[in-house]
There are 2 protein chains.
Amino acid sequence: MTTLHIVDDDEAIRDALGWLFQSRNVPVAGWPSAESFLESWRPDTAGCLLLDIRMEGMSGLELFDRLLSKGCRMPVIFLTGHGDVPIAVGALKKGARDFVEKPFNDNELVDRVIDALAYDAEQREREAGQAGLAARLATLTQRERQVMELVVAGRLNKVIADELGISMRTVEVHRSHVFEKMRVKTAVELTRLLTGAA
Amino acid sequence: MTTLHIVDDDEAIRDALGWLFQSRNVPVAGWPSAESFLESWRPDTAGCLLLDIRMEGMSGLELFDRLLSKGCRMPVIFLTGHGDVPIAVGALKKGARDFVEKPFNDNELVDRVIDALAYDAEQREREAGQAGLAARLATLTQRERQVMELVVAGRLNKVIADELGISMRTVEVHRSHVFEKMRVKTAVELTRLLTGAA
DNA sequence: GCGGCTATTGTGGATATCCGCAGAGTCGGC
DNA sequence: GCCGACTCTGCGGATATCCACAATAGCCGC
């Protein structure tokens, strides 16, 4: 199980939440400010975020925005005692996972956090697969990439040769290099790889 | 442009919204109750829904639930003067497109409705494509379907023949029937069709 | 029973794909 | 200048795919 990151400037609340989650075997990290979390955040930081809205300095919402613009995809659950509807709606539409008002129900919150952690883990697994794919794609040359795109578009070799203004033999060579580098044996497998099929 | 369906038991509000949207060239249909809309709703009802939460009889939220369970995918924008955060969060997490509190900004609401209508139109176009695909799939025989699945899985004809315990020639026949019925010329195109690629 | 649909298989030939062998030109780095 | 890459091309042969022609057989409905 990955970590729940609790960002709240109220130490008492951090402690209370820390106790709650640790008692349910959810690993917790506490952060006293949006700034402190933002600074320590790395693209490979895993888990989920429990974020207070109203804090000294940077607000939870602003932290969320900054994380999004840095490409953070971690699920975020907002926690607030001062939530109003437009804020909640805005946060959810931006992709927040949940928006919970204090006082909250302990069990419910724990369930939502656990769901979010599971979601994050799944997400990261998917991305790991995509990363391997991206690495293999990166080894292709320009020409190989062009040929690959046309192959995946369903064109026959002779058509590809025409469109690129080169001989069929050359297309065949690039094609076989693509297959080798992408570790597939047929055009169909390649198509499935790139279109993200099962 | 398809229709905006306004469901509100307050005739004055329906009229006011009707004027607002008609002045922006958005076709409007008004419904005095959740029940009346629910009764007239059909799976091919297009457009988007502007839904008051608090109404006599069935509430907007309940109408939303019932529509969802009937398979309705129309975008829904909730409109309420009594919204609280948990209700808004719940509605959005169930798939509502937006949740707007009264009093609202006219221009903003119109923009959101127009976005929602465009989204619905796009969605329906996609589904129309899928329906055509489903119709073509339905014309396949058992055997053809089996062969198709193996082809799309990237198997060669000889392997398919082995797995199904039939001759290569028979596989070729089924394969060509599949291509004909699905209106594609190559295995790659077929794969793209079935995996829903661009 | 006859006609239509489905499934099966074969022969033979036209295309397409896969691949090793061979060679050649460009470009950038050591 | 040499070496390594990327690109390009041809030849020939092994496989694979596509397809027309032809035929057998079971099942279902009229």
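Every chain is numbered from 1 and lettered A, B, ... according to where its sequence line falls, protein lines coming before strand lines.
In this structure, the CE atom of B:Met168 is 13 Å from the C1' atom of C:dG10, given to the nearest Å. As rounded to whole Å, 10 Å separates atom C1' of C:dC18 from atom CZ of A:Phe179. The distance between atom CD1 of B:Ile160 and atom P of D:dT17, rounded to the nearest whole Å, is 8 Å. Rounded to an integer number of Å, the gap from B:Arg145 CZ to C:dC5 P is 17 Å. Remark: P of C:dA14 and CG of A:Leu156 are 19 Å apart, rounded to the nearest angstrom. Going from atom CD1 of B:Ile166 over to atom P of C:dG10 covers 11 Å, rounded to whole Å. The distance between atom CG of A:Asn157 and atom C1' of D:dA16, rounded to the nearest whole Å, is 13 Å. Straight-line distance from the CZ atom of A:Arg175 to the P atom of C:dG20: 15 Å, rounded to whole Å.
Comparing B:Thr139 and B:Gly165 by the nucleotide of DNA chain C whose heavy atom lies nearest to each, the residue mapping closer to the 5' end is B:Thr139. Map B:Val173 and B:Lys185 each onto its nearest nucleotide of DNA chain D; the residue landing nearer the 5' end is B:Lys185. Place B:Leu164 and A:Ser176 on DNA chain C by their nearest nucleotides, and B:Leu164 ends up nearer the 5' end.
Under 4.0 angstrom from either OP1 or OP2 of D:dT15 there lies no side-chain N or O belonging to B:Lys158. Considering only side-chain N and O atoms, A:His177 lies nowhere under 4.0 angstrom from the phosphate OP1 or OP2 of D:dC6. Checking the phosphate oxygens (OP1, OP2) of D:dA5, no side-chain nitrogen or oxygen of A:Thr141 falls inside 4.0 Å. For C:dT8, the OP1/OP2 oxygens have no side-chain nitrogen or oxygen of B:Thr170 closer than 4.0 Å.
Put simply, the residue from B:Phe78, B:Phe37, B:Phe99 that forms a ring-ring contact (aromatic ring centres under 6.0 Å, His included) with B:Phe64 is B:Phe78.
One N or O donor and one acceptor, one from the side chain of A:Arg169 and one from the base of C:dG20, sit under 3.5 Å apart. For a distance-only test at 3.5 Å, the side chain of B:Glu172 qualifies as a donor-acceptor partner of the base of D:dC19.
A salt bridge does not link B:Asp8 with B:Arg14: every distance from a Lys NZ or Arg NE/NH1/NH2 to an Asp or Glu carboxylate oxygen is 4.0 Å or more.
Atom CE of B:Met148 and atom CG of B:Leu137 lie 5.0 Å apart (nearest 0.5 Å).
Taking the side chain of A:Gln142 as heavy atoms from C-beta on, and the options D:dT9, D:dT7, D:dT17, the nearest nucleotide is D:dT7. In this structure, the nucleotide among C:dT8, D:dC18, C:dT17 sitting nearest to the side chain of B:His174 is C:dT8.
There is a side-chain donor-acceptor pair under 3.5 Å between B:Asn107 and B:Arg24.
Across all strands, A:Lys181 comes closer than 4.0 Å only to sugar-phosphate atoms, never to a base (heavy-atom distances).
Looking at B:Arg192, its side chain does come within 3.5 Å of a backbone N or O of A:Val152 through a donor-acceptor pair.
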